[in-house]
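Presented below is the structure to which this report refers.
Note that the structure is a prediction, hence the values are computed from the model and not measured. Atoms within a ligand are numbered from 1 in the order they appear, just like the ligands themselves. We count residues from 1, following the sequence as given.
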Amino acid sequence: MNNPIIEDLNWRYTTKKYDPSRKVSQADLDVLLEALRLSASSINSQPWKFIVLESNAAKARMKKTFANKFQFNEPHILESSHIILFAHNPRYTREDYAEVVDNGIEDQRTTPENRDKAFGAYVFAEMNTDENGFNGNWTKAQTYIALGNALHTLARLRIDSTTMEGMDAELVGKEFEKELGGYECHLALAIGYRHPAEDFNAKLPKSRRRLSSVVVRV
Ligand SMILES: Cc1cc2nc3c(=O)[nH]c(=O)nc-3n(C[C@H](O)[C@H](O)[C@H](O)COP(=O)(O)O)c2cc1C
């Protein structure tokens, strides 16, 4: 299929070995972070935080969190250019939503008189909140929308990436407690440039379920 979107999606793949000498430019990083910020989410809740590990010290802290499991992902931490932690708020509240509503007023999407009415959408959060105030399944799902957006943005920028659910959420929670500020992280993304010779995955053809198996047209 001859289409630039499909070309992007065929170009991208999960990188298994990075070229440690290549760094993502500040300009490209800025595009990625803006794309993350612009991601869609249920009721525009944006219950996320994207923690960018760029310094050697931050990456060394992340490396330590592979002490117990998922060691297959560990080499990416120092060899890739940046790591982005996708964190979600497991207890998203009406007060958290107030920031969204007030941004809407500032951005002239909502009038100040309609402020109370704008909280009506919060019923979707309530539907996904248990009796203990936990709504982490719902907020975590939103971070995957940002992930999808990031993967395509990176492909467009011809930047390689590795999605890593293979990360120790408990150790990351401890190591980055201050930065997380009560949020949880179960998903990380390495970005950078593939090793020109040593990434077996770069040479493999893409494989997916067939269109007829995944699409039902009625
Ligand atoms: C949510 C999610 C979690 C993933 N976790 C890992 C991981 O921990 N380590 C890894 O090497 N690949 C991981 N992957 C990569 C997938 O295995 C990969 O996207 C899939 O096999 C399709 O291949 P492609 O990305 O090369 O097109 C993950 C992908 C997604 C979307």
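- Backbone and side-chain nitrogen or oxygen atoms of Phe72 are examined, and none is located within less than 3.5 angstrom of a nitrogen or oxygen of ligand 1.
- Side chain of Asp168 to backbone of Glu170: a donor-acceptor contact under 3.5 angstrom is found.
- Between Arg91 and Asp96, none of the side-chain N atoms (NZ, or NE/NH1/NH2) sits under 4.0 Å from a carboxylate O, so this pair counts as no salt bridge.
- Ring geometry, Phe50 versus Trp48: the interplanar angle falls from 30° to 60°, so the pair is classed tilted.
- The protein heavy-atom contact nearest to atom 27 (O) of ligand 1 is Lys206 NZ, 2.5 Å.
- For atom 24 (P) of ligand 1, the nearest protein heavy atom lies closer than 4.0 Å.
- With hydrogens and angles disregarded, a donor-acceptor distance shorter than 3.5 Å links the side chain of Asn149 to the backbone of Ala35.
- Shown in contact with Arg12 at under 4.0 Å from a heavy atom are these atoms of ligand 1, numbered in order with element: 24 (P), 25 (O), 27 (O).
- Listed by number with element, the atoms of ligand 1 under 4.0 Å from a non-hydrogen atom of Gly166 are 8 (O).
- Counting only heavy atoms of the protein, atom 9 (N) of ligand 1 lies nearest to Asn73 OD1, 3.1 Å.
- At a 4.0 Å heavy-atom cut-off, ligand 1 does not touch Phe70 at all.
- The pair Lys174-Glu177 does not meet the salt-bridge criterion, since no charged nitrogen lies less than 4.0 angstrom from a carboxylate oxygen.
- Close approach of ligand 1 to Tyr13 is summarised as follows: ligand atoms under 4.0 Å from at least one heavy atom of the residue are 26 (O).
- Checked against the 6.0 Å centroid criterion, the rings of Tyr193 and Tyr18 do not qualify as a close aromatic pair.
- Contact annotation: for Arg208 versus ligand 1, heavy atoms closer than 4.0 Å belong to the side chain alone.
- With respect to atom 4 (C) of ligand 1, the closest heavy atom belonging to the protein is Thr163 O, 3.7 Å.
- Environment of CZ in Phe72: crowded, with over 12 heavy atoms of neighbouring residues, nucleotides or ligands closer than 6.0 Å.
- Residue contact check: Tyr144 has heavy atoms under 4.0 Å from atoms 1 (C) of ligand 1.
- Of the N or O atoms in Thr162, none lie within a sub-3.5 Å distance of an N or O in ligand 1.
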For residues 59-66, please give each side-chain donor-acceptor pair under 3.5 Å, one per line with the distance, not counting sequence neighbours.
residue, atom, partner, partner atom, Å
Lys59, NZ, Ser80, O, 2.7
Lys59, NZ, Ser81, O, 3.2
Arg61, NE, Glu175, OE2, 2.9
Arg61, NH1, Glu179, OE2, 3.0
Arg61, NH2, Glu175, O, 2.7
Arg61, NH2, Glu179, OE1, 3.2
Arg61, NH2, Glu179, OE2, 3.3
Lys63, NZ, Glu74, OE2, 2.7
Lys64, NZ, Glu175, OE1, 3.4
Thr65, OG1, Met62, O, 2.6

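- Taking atom 26 (O) of ligand 1 as the reference point, the nearest protein heavy-atom neighbour is Thr14 N, 2.8 Å.
- Between Asp160 and the options Arg194, Lys17, Arg22, a salt bridge (Lys or Arg N to Asp or Glu O under 4.0 Å) holds for only Arg194.
- Of the protein's non-hydrogen atoms, Lys16 NZ, 2.8 Å is the one closest to atom 11 (O) of ligand 1.
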